[in-house]
Novice: 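So that we are looking at the same thing, I have put the structure below in structure tokens.
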Number of protein chains: 4
Amino acid sequence: MTPRTKEKFEEIRESKRRKIIDSAIECFATKGYHAVSISELAAHAGVSKGLMYNYFSSKDELLKTIFNETMDQMLELFDPDSKGLNEKNDLLMYLERYYHHLKSNLILWKMYMAIFSQPAVQQILQKEILEVSQKPLEIIGNYFKKEGFKHPEVEVAFLSTLFSGVLTEYISDPDHYPLEQIMKRILSIYS
Amino acid sequence: MTPRTKEKFEEIRESKRRKIIDSAIECFATKGYHAVSISELAAHAGVSKGLMYNYFSSKDELLKTIFNETMDQMLELFDPDSKGLNEKNDLLMYLERYYHHLKSNLILWKMYMAIFSQPAVQQILQKEILEVSQKPLEIIGNYFKKEGFKHPEVEVAFLSTLFSGVLTEYISDPDHYPLEQIMKRILSIYS
Amino acid sequence: MTPRTKEKFEEIRESKRRKIIDSAIECFATKGYHAVSISELAAHAGVSKGLMYNYFSSKDELLKTIFNETMDQMLELFDPDSKGLNEKNDLLMYLERYYHHLKSNLILWKMYMAIFSQPAVQQILQKEILEVSQKPLEIIGNYFKKEGFKHPEVEVAFLSTLFSGVLTEYISDPDHYPLEQIMKRILSIYS
Amino acid sequence: MTPRTKEKFEEIRESKRRKIIDSAIECFATKGYHAVSISELAAHAGVSKGLMYNYFSSKDELLKTIFNETMDQMLELFDPDSKGLNEKNDLLMYLERYYHHLKSNLILWKMYMAIFSQPAVQQILQKEILEVSQKPLEIIGNYFKKEGFKHPEVEVAFLSTLFSGVLTEYISDPDHYPLEQIMKRILSIYS
DNA sequence: TATGAATGAGGCTTCATTCAT
DNA sequence: AATGAATGAAGCCTCATTCAT
């Protein structure tokens, strides 16, 4: 009997890795980082405790991995073609994208909030957070400058504020928050 | 035991209780609920571990207590005289109050965020949260109705969104967030 | 009911600390450092696992503490009055003391061997070991120099060798090793 | 399957076995038995974890195997031709051999010490140790009897003591221990 | 009222070993 | 013969909570 091929092994690894990550995202979203134990994560993913450490060297490491993957998605969301925002329409589409992403990735954003608003977790991810949050803000800032806003940096902060607010409110009660109408209300400010 | 002595005791008890609560608020704000141990809380408050249980039957109980007291403050903030909002000026003053409260009670709000963004904690406090948040929203809703807004309930949600956003952003980086200018930006929407 | 006095607490602490240490020395002597678990140490000392950490912050820390206390004893043994070795008689008494200490502290020396000959443990104690081993060797070296030995440093190494050998052999089979006669044989070399 | 192929297989098997053993000796020498995991051993030997169990049924089994092979070497060392010690020169050559073996097999002896000083391991190997150590001691004892020593058995113990001591000291700091001079010093006792 | 020693459940992690391929 | 994914027991440690004083 021949041993499994390298490809087969990598296949197994990758699919299990995904399973663990997706499962962990759900758990973290539901209960928060500290409130979920490795045992729970393992059980929820349908693997043994020990196997978790075959894929991630620690609980923190798993968190960082999830964070990085999530951040990559977010970056893509906020600037998919890396061209920046050039006209008003781009900004509107920007808002559109945010709206759709929020709606179709509720769990991901829930996890984002559940995890990253915890001070203890922020300490774990401090470095990563700083690195990632800079770029999207810059892109938006450049747009406002170009458009001749009087206080572009304040306008950026204001938009961030709106994003944060929408996120917070929608996440905390997705069934009742009038997401679409709120997005329209925001659009009305910039139209 | 004379009544005098009894009163004295009560006084001491109450002041120690305050000390524990205030100290705990600081700790929770800085590190989050799960990341702070009873030992740490006791040490930070300058009392023994055992004594903590003399005042609060459990860590959860302490959390609930803090929550309730905080909520009382919030209620007071959003409607100190229970008269509701009657004219535009009231709304502006409303925003003003929020702004000032935020600035002067940073720790309290930090703790609020640190604690509430954790789903596990939210579950513990779910009932309390619902109860408390209803009333201020109603008051604002009534105002918008009276003012003839087309979608008063959306407008309420929008204002909540702004509040949430300001809170989130300010709390996460109080030194750089342009709180005052953002508040002015918001005022400009309603003036 | 009044709380226990500070003295009472310290009394408890000190006596329990001793109990844990003595018990741990026995265990380490019997099975070696890595082969004994904290659970075993706790059970053998008659306390709970958790309490171990009230007294020692980690297993390594316990080891270091035992090492330091043992070393203090050893130092005292090898130079009780800190006067050094001044004449041949001092050296002979030196040997005598070693002999008696060995006989009456078998467990201590067993533990010493069981623990300190393990590379992994040596790494934990590296710093401490270096610090402590210097002084006694110097004292003996000075004596040999004073006595005009041709190669005092070799003579020191030779004596160390004898000590090590006696220790190793005696410890590994205390009932059959002719300790007293070996010590006489050694004395005969220096008389 | 032709006999030729079978032999070839045996050859491969044997060479891989050696590789694993030699690699393990190094690891045990450096870090001690408990401190090295099967994973480490496998990685260091360049084979998979699973394969380790194809050659040795357990970690203990591997240890025992190494011990037995080492012991065979030791026996050979102390009495290569099984003729015993017949004259003083034989004893001196005996010492010589020990000296050279020590110098050229440092790792082996390091492992020997790293492993054997651990009581837990000694228990595993107790029987084997007793069996092996008897014979060389007898040979030396016979020599001392023949030479008319007053207490031949003490003299044997004394020589064992010296061997143990030299081993211990040399192993613990091979770069600084004056091995050659110490051996000369010992020779001087018996010349 | 007040202390801190004491407990034990549960958290994270390691590792010898098994197993499907 | 060979691989490495998978398991689960056991190890170290933390922490909410209890208890004797």
Novice: Measure NE2/C:His34 against P/F:dG11 and give the value in whole Å, please.
Specialist: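 Answer to the nearest Å: 13 Å.
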Novice: Consider the side chain of C:Phe9, meaning its heavy atoms from C-beta on, and name the nucleotide among F:dA16, F:dC13, E:dA5 that approaches it most closely.
Specialist: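 Closest of the options to the side chain of C:Phe9: E:dA5.
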Novice: With respect to D:Ser23, which candidate in D:Glu40, D:His44, D:Arg18 satisfies the side-chain contact (heavy atoms from CB on, under 4.5 Å) definition?
Specialist: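 That would be D:His44; it is the only one of D:Glu40, D:His44, D:Arg18 passing the side-chain contact (heavy atoms from CB on, under 4.5 Å) with D:Ser23.
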Novice: What is the distance, to the nearest angstrom, from the CD atom on A:Glu7 to the P atom on E:dT21?
Specialist: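 After rounding, the gap between these two atoms is 17 Å.
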Novice: Apply salt bridge (charged side-chain N to carboxylate O under 4.0 Å, His left out) to the pair B:Arg17 and B:Glu14, showing each step before the final yes or no.
Specialist: CA-CA 5 Å; B:Arg17 208 185 93 99; B:Glu14 182 48 30; 3.7 Å; yes
Novice: Using whole Å, report how far NZ of D:Lys59 lies from C1' of E:dC15.
Specialist: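 D:Lys59 atom NZ is separated from E:dC15 atom C1' by 8 Å.
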Novice: Counting only heavy atoms from other residues, nucleotides and ligands, does the tally under 6.0 Å from OH of C:Tyr112 exceed 12?
Specialist: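 Incorrect, the count does not exceed 12.
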Novice: Among F:dT17, F:dG4, E:dC15, find the nucleotide with the atom closest to the side chain of D:Lys49.
Specialist: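 Within the option list, the nearest is F:dG4.
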Novice: Rounded off to whole Å, could you give me the CD-to-P distance for the A:Glu10 and F:dT3 pair?
Specialist: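 My rounded result for the distance is 16 Å.
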Novice: To the nearest angstrom, how far is D:Lys31 atom NZ from E:dC15 atom P?
Specialist: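 It works out to 9 Å between those atoms.
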Novice: Nearest heavy atom decides the nucleotide; on that basis, is C:Val36 or D:Val47 closer to the 5' end of DNA chain F?
Specialist: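 Taking each residue's closest nucleotide, the earlier one in sequence belongs to D:Val47.
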Novice: Atom OH of C:Tyr33 to atom C1' of F:dG11: distance rounded to whole Å?
Specialist: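 Atom OH in C:Tyr33 sits about 12 Å away from atom C1' in F:dG11.
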Novice: I want to confirm an ordering. Mapping D:Leu51 and B:Glu40 to their closest nucleotides on DNA chain F, which one lands closer to the 5' end?
Specialist: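 Whichever sits nearer the 5' end wins; that is D:Leu51.
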Novice: Between atom CD in A:Glu11 and atom C1' in F:dG4, what is the gap in whole Å?
Specialist: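 So the two atoms are 15 Å apart, to the nearest Å.
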Novice: Want to settle it: does C:Ile12 or A:Ser39 sit nearer the 5' end of DNA chain E, counting the closest nucleotide to each?
Specialist: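 Between the two, 5'-proximity favours C:Ile12.
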Novice: Name the nucleic acid region contacted by C:Ile38, choosing base, sugar-phosphate or nothing; use a 4.0 angstrom heavy-atom cut-off, strictly under.
Specialist: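 Touches sugar-phosphate only.
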Novice: Find which nucleotide of DNA chain E each of C:Gly46 and A:Ser57 is nearest to by heavy atoms, and output the residue with the more 5' nucleotide.
Specialist: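 Comparing both residues, the 5'-ward one is C:Gly46.
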Novice: Among F:dA6, E:dA5, E:dA16, which nucleotide has an atom closest to any side-chain atom of C:Asn54?
Specialist: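 Looking only at heavy atoms from C-beta outward on C:Asn54, the closest nucleotide is E:dA5.
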Novice: Using the side-chain heavy atoms of C:Tyr53, tell me which of these nucleotides is nearest: F:dT17, F:dT14, E:dA6.
Specialist: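 Among the listed nucleotides, the one closest to the side chain of C:Tyr53 is F:dT14.
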Novice: Mind checking A:Ser48 for me? I need base, sugar-phosphate or nothing, with any heavy atom below 4.0 Å counting as a touch.
Specialist: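 Base contact - A:Ser48 has a heavy atom under 4.0 Å of at least one base atom.
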Novice: Report the base-pairing partner of F:dC12 (Watson-Crick or G-U wobble, both distances below 3.5 angstrom), or none.
Specialist: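 Check on F:dC12: paired to E:dG11, both distances under 3.5 Å.
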Novice: Between the base of F:dA2 and the side chain of A:Arg4, is there a donor and acceptor pair under 3.5 angstrom?
Specialist: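 Not at all, since no donor on one side and acceptor on the other fall under 3.5 Å apart.
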Novice: When all nucleic acid strands are considered with a 4.0 Å heavy-atom cut-off, which category describes C:Tyr55: base, sugar-phosphate, or nothing?
Specialist: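 Here C:Tyr55 touches the backbone only, sparing every base.
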Novice: Identify the nucleotide, in any strand shown, that forms a Watson-Crick or G-U wobble pair with E:dA6, with both distances under 3.5 Å; if there is none, say none.
Specialist: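 Its partner is F:dT17.
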Novice: Check for a donor-acceptor pair, side chain of D:Gln73 on one end and backbone N or O of D:Glu69 on the other, with a separation under 3.5 Å.
Specialist: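 Here the side-chain-to-backbone pair does not exist.
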Novice: The side chain of B:Lys16 is closest to which nucleotide in this list: E:dA2, F:dA16, E:dT13?
Specialist: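 Output: E:dA2.
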Novice: Expressed as a whole number of angstroms, how long is the span from D:Met52:CE to E:dT18:C1'?
Specialist: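 About 15 Å, once rounded to whole Å.
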Novice: Going from CD1 on D:Ile25 to CG on D:Leu108, what distance comes out if it is rounded to the nearest 0.5 angstrom?
Specialist: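 If we round to the nearest 0.5 Å, D:Ile25:CD1 and D:Leu108:CG are 5.0 Å apart.
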Novice: Flag yes if more than 12 heavy atoms outside B:Lys59 fall under 6.0 Å of its NZ atom; otherwise flag no.
Specialist: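 More than 12 within 6.0 Å, yes.
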